[in-house]
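Labels below follow one simple rule: chain letters A, B, ... track the order of the sequence lines, proteins then strands, and each chain is numbered from 1.
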Amino acid sequence: MSRPKLAVDIRGLMKRFGRSTAVDTVGLSIRPGSTLGLLGPNGAGKSTTLRMLMGMLRPTAGSINVLGRDLATEAAQIKQRVGYVPDANYAYRWMTVERVIRFCRPMYRHWNDDRCAELLDMFQLSANKKIGSLSKGMLAKLSLLLALSHEPDLLVLDEPLSGLDPIARDDFIEGVMRGICSGTQTILFSSHQLDEVSKLADDVAIMNHGRVLIHRPLDELLSSFKRVRAVLQDGRLPAVIPKGTIWQSVNRREWALTVQDVDDTLIDQLKSENSVDSIEVAELSLDELFRDFIRGDETPDDQRHEKAQCEAAEC
Amino acid sequence: MLMQLIRKDLRICRLPILVGVAMVIGAFVLMSTMDGLSGVWRGGSIETWSVMLKTAGSLSIITSIIALTMLAGTIFAAERADRSSEFLAYLPPSRAQVLLSKAIVLGASCVLALCVGGGSIALADWLSVDHSVNSSLQIRMRDVVPIAVVSIGVGWCASARFANTGPSVGLGFAAPIVLSAGVLLASYFFGIPNDESFRTTYAACSTATGLACLVGGSVYFIRRVEP
Amino acid sequence: MIIDPRNSNPIYRQIVEQTRDAIDAGVYRVGEALPSQRALAIEIRVNPNTIQKAYDELERLGVVEARRGLGVFVRDRKSNAARGKTEKLMDAAFRDGIVEGLANDVSPTRIRELFESSMNSSLSKARKRQ
């Protein structure tokens with residue numbers, strides 16, 4: 001089989017629960033061998049998206065293609081090549097670590113015993129411990145061990161680090177890093193831990209209220225969005241908000257905006273269309289950019305515009 | 001892989017299986033110590049033996065139906081109750097394979113129960129002089145099997161549907177009672193007086209309902225995406 | 001190496017800066033290899049592509065050189081830097097001379113002749129001193 005162009009190709013994915021829409025026309029694509037960080041606040045639809053990707057939820061609409069195969073028809077073949085770490089491990093409580101490994105082992109065609117033993121050793125998991133007695137960190141490591149031992153082409157991690165102590169987190173990331181370093185493993189992880197995402201991801205997608213707000217390579221994202229800080233003249237308010245503004249706020253005379261593709265023309269235009277004294281442009285970290293995207297998304301476009309216009313009219 | 005799944009299902013259904021085994025053994029122990037039958041241990045006649053075997057076999061079949069209904073009510077729902085079904089859902093085995101393992105566990109248990117109970121009754125009849133023993137407690141297979149089918153079928157179907165073992169086991173137990181009330185009511189309104197025809201109608205209804213539930217529950221389990 | 005992902009300074013640039021500091025402090029000597037991309041990635045838990053980007057940048061800056069299949073080695077940066085600085089000064093001096101000449105209507109051909117003759121006299125002086 002020829003190597004597919006995309007390891008994951010999700011198009012127009014929708015999931016409704018009754019009247020509420022958890023995932024709204026989501027499209028995501030991941031190049032083979034790259035790492036995508038899926039960001040979003042709680043309830044943004046990250047988990048639901050990943051569960052649909054794992055065939056654990058039936059999409060209301062849309063298509064999911066994994067490693068060149070259609071999930072709707074070839075789920076069994078896909079599962080052979082995918083490792084999944086859920087947000088909580090629900091493996092049989094009465095099994096021991098060794099028992100659950102023996103349980104999963106015959107299900108995979110490419111199970112690697114050496115890799116499994118190596119991870120067992122690295123994570124310091126005792127083979128004869130009952131799963132029910134493992135701590136949250138240990139459970140997460142066990143999930144990762146089970147997900148990595150069959151050397152998957154795609155590793156899907158759902159909020160893997162939430163609730164882990166720093167030591168467990170380090171161990172966990174080290175386990176994942178080996179896959180990232182191999183360059184052949186594609187990784188999709190959801191998180192609201194911005195620090196880890198900005199260190200590990202090649203690409204980033206930000207979700208809010210079930211929609212993908214942006215999906216870009218991380219360095220491109222960080223280099224194209226800048227924070228503009230303008231000082232407004234006495235008693236004046238912003239008149240024209242530049243195109244590509246994702247968030248803005250006025251505090252006393254300071255007008256702060258996060259804008260895409262900031263260049264000299266844009267700054268000149270901003271100066272000519274608004275009554276501002278000075279303008280400075282600053283770089284943003286992923287953490288700040290993420291906040292701006294979410295805050296900007298919470299204020300609808302028309303409302304954002306109306307608000308500015310009405311404020312301008314008052315003065 | 002199927003072996004691992006079967007072992008796992010046996011472990012999940014440990015309680016009903018142990019209860020069943022205990023009750024079947026209990027039936028034989030109880031009967032062999034009952035008045036009039038306890039003679040079997042003191043060199044009792046073949047006839048005492050066969051009466052004891054027939055009584056105990058009949059009782060063991062009744063207790064087996066109880067245990068098998070519990071098993072059917074537990075086999076899917078227990079996995080959803082502790083959410084281990086979510087763990088199984090992202091592993092490679094398909095729904096059909098998971099179902100097959102459960103069907104094998106239930107089927108094998110049924111066959112085993114039938115062998116022990118039915119075997120004892122058959123042995124009793126064979127041992128006795130005129131090949132027909134009369135016991136105060138004896139069952140007719142064609143009365144009992146339909147009850148077993150409807151209890152187990154409804155338990156299985158409810159188990160595939162619910163996330164708790166309690167309601168599915170309860171429904172399994174309630175099914176033959178509700179059904180008999182239904183058939184009784186129907187026969188009252190349509191005026192079917194004869195006892196034997198009631199039994200036949202009831203048996204047919206039970207078997208049909210039970211089989212429909214077995215198939216329905218299985219289809220539902222395979223088609224359902226959510227773990 | 002400590003990476004601060006909350007810093008608006010991009011991570012690859014933090015790696016570049018901290019690696020230069022480490023070289024200046026003598027952690028890595030001239031001719032020695034930097035940690036492999038993979039080893040550093042695991043150590044500081046950063047995507048290996050980011051490490052690659054940082055190493056590419058260090059190479060562009062002339063701090064290190066990549067040898068195919070062997071790794072990334074620290075270059076003799078002091079002499080490099082010194083040479084770079086001298087050349088910059090020379091370039092500025094030449095430019096001043098040329099601008100001065102052009103402003104006073106000296107032809108480009110004449111400027112080249114003057115450059116050659118001053119070069120020759122400087123070289124012969126240097127030879128005599130030896």
Side-chain angles (χ1 to χ4, degrees), chain A residues 31 33-37 39 122 160-161 166-167 169-187 189 191 193-204 217-227 229 258 281-292, chain C residues 1-25 27-28 32-74:
Chain A
R31 287 168 289 116
S34 73
T35 302
L36 174 72
L39 295 176
M122 178 177 143
L161 302 170
I167 306 296
R169 186 179 301 187
D170 268 11
D171 285 351
F172 190 96
I173 295 174
E174 197 172 330
V176 176
M177 281 305 295
R178 305 165 57 105
I180 297 183
C181 287
S182 74
T184 54
Q185 197 169 65
T186 310
I187 298 177
F189 68 105
S191 184
Q193 313 251 337
L194 280 297
D195 291 3
E196 307 306 340
V197 176
S198 51
K199 283 169 83 174
L200 299 176
D202 290 304
D203 297 346
V204 163
L218 177 59
D219 45 3
E220 198 184 306
L221 186 74
L222 291 176
S223 61
S224 67
F225 286 89
K226 299 262 157 43
R227 171 71 58 78
R229 252 186 247 108
T258 300
V281 177
E283 304 241 359
L284 286 163
S285 71
L286 181 63
D287 192 71
E288 293 160 319
L289 193 55
F290 171 70
R291 268 170 232 246
D292 292 353
Chain C
M1 195 174 286
I2 296 165
I3 300 301
D4 177 13
R6 278 163 201 267
N7 195 318
S8 56
N9 196 6
I11 290 172
Y12 87 92
R13 231 181 279 155
Q14 294 183 34
I15 298 170
V16 167
E17 283 160 15
Q18 292 187 38
T19 308
R20 292 186 88 162
D21 291 349
I23 292 171
D24 288 343
V27 178
Y28 309 113
E32 284 180 358
L34 291 184
S36 75
Q37 180 193 338
R38 189 191 149 99
L40 185 61
I42 290 177
E43 188 201 324
I44 62 173
R45 302 179 203 298
V46 163
N47 189 311
N49 294 334
T50 312
I51 311 276
Q52 186 60 53
K53 201 174 165 190
Y55 280 9
D56 287 349
E57 177 73 4
L58 284 167
E59 192 176 12
R60 205 183 59 77
L61 292 168
V63 179
V64 298
E65 64 178 324
R67 289 179 207 154
R68 214 169 231 280
L70 292 174
V72 173
F73 294 84
V74 180

I need the C/N49 CG to A/T35 OG1 distance, nearest 0.5 Å. 7.5 Å
Contacting region of C/I51 [heavy-atom separation from chain A under 4.5 Å]: neither
Would you mind reporting whether A/E174 and C/I42 have side-chain heavy atoms less than 4.5 Å apart? yes
Between A/D202, A/L222, A/L284, which shows the greatest number of heavy-atom pairs under 4.5 Å with chain C? A/D202
Out of curiosity, A/S285 OG to C/N9 CG, how far, rounded to the nearest 0.5 Å? 11.0 Å
Under 4.5 Å from any heavy atom of chain C - which part of A/A282: neither
Do the side chains of A/D219 and C/K53 get nearer than 4.5 Å, heavy atoms only? yes
How long is the span from the CG atom in C/N47 to the NZ atom in A/K199, to the nearest 0.5 Å? 12.0 Å
Select, from A/L218, A/D287, A/L289, the one with the greatest count of heavy-atom pairs under 4.5 Å involving chain C. A/D287
Most heavy-atom pairs under 4.5 Å with chain A, out of C/E43, C/Q37, C/R38, C/R6, belong to C/R6
So, taking the atom named CZ in C/R45 and the one named CZ in A/R169, what distance separates them when rounded to the nearest 0.5 Å? 11.0 Å
Shortest non-hydrogen contact between C/P5 and A/S198, atoms and distance: CB-OG, 3.2 Å
Hey, what do you get for OG1 (C/T50) to CG (A/L200), rounding to the nearest 0.5 Å? 8.5 Å
Nearest atoms (heavy-atom pairs only) where A/M177 meets C/A41: CE-O, 3.2 Å
Against chain C, work out which of A/R178, A/E283, A/E288 has the most heavy-atom pairs shorter than 4.5 Å and name it. A/E283
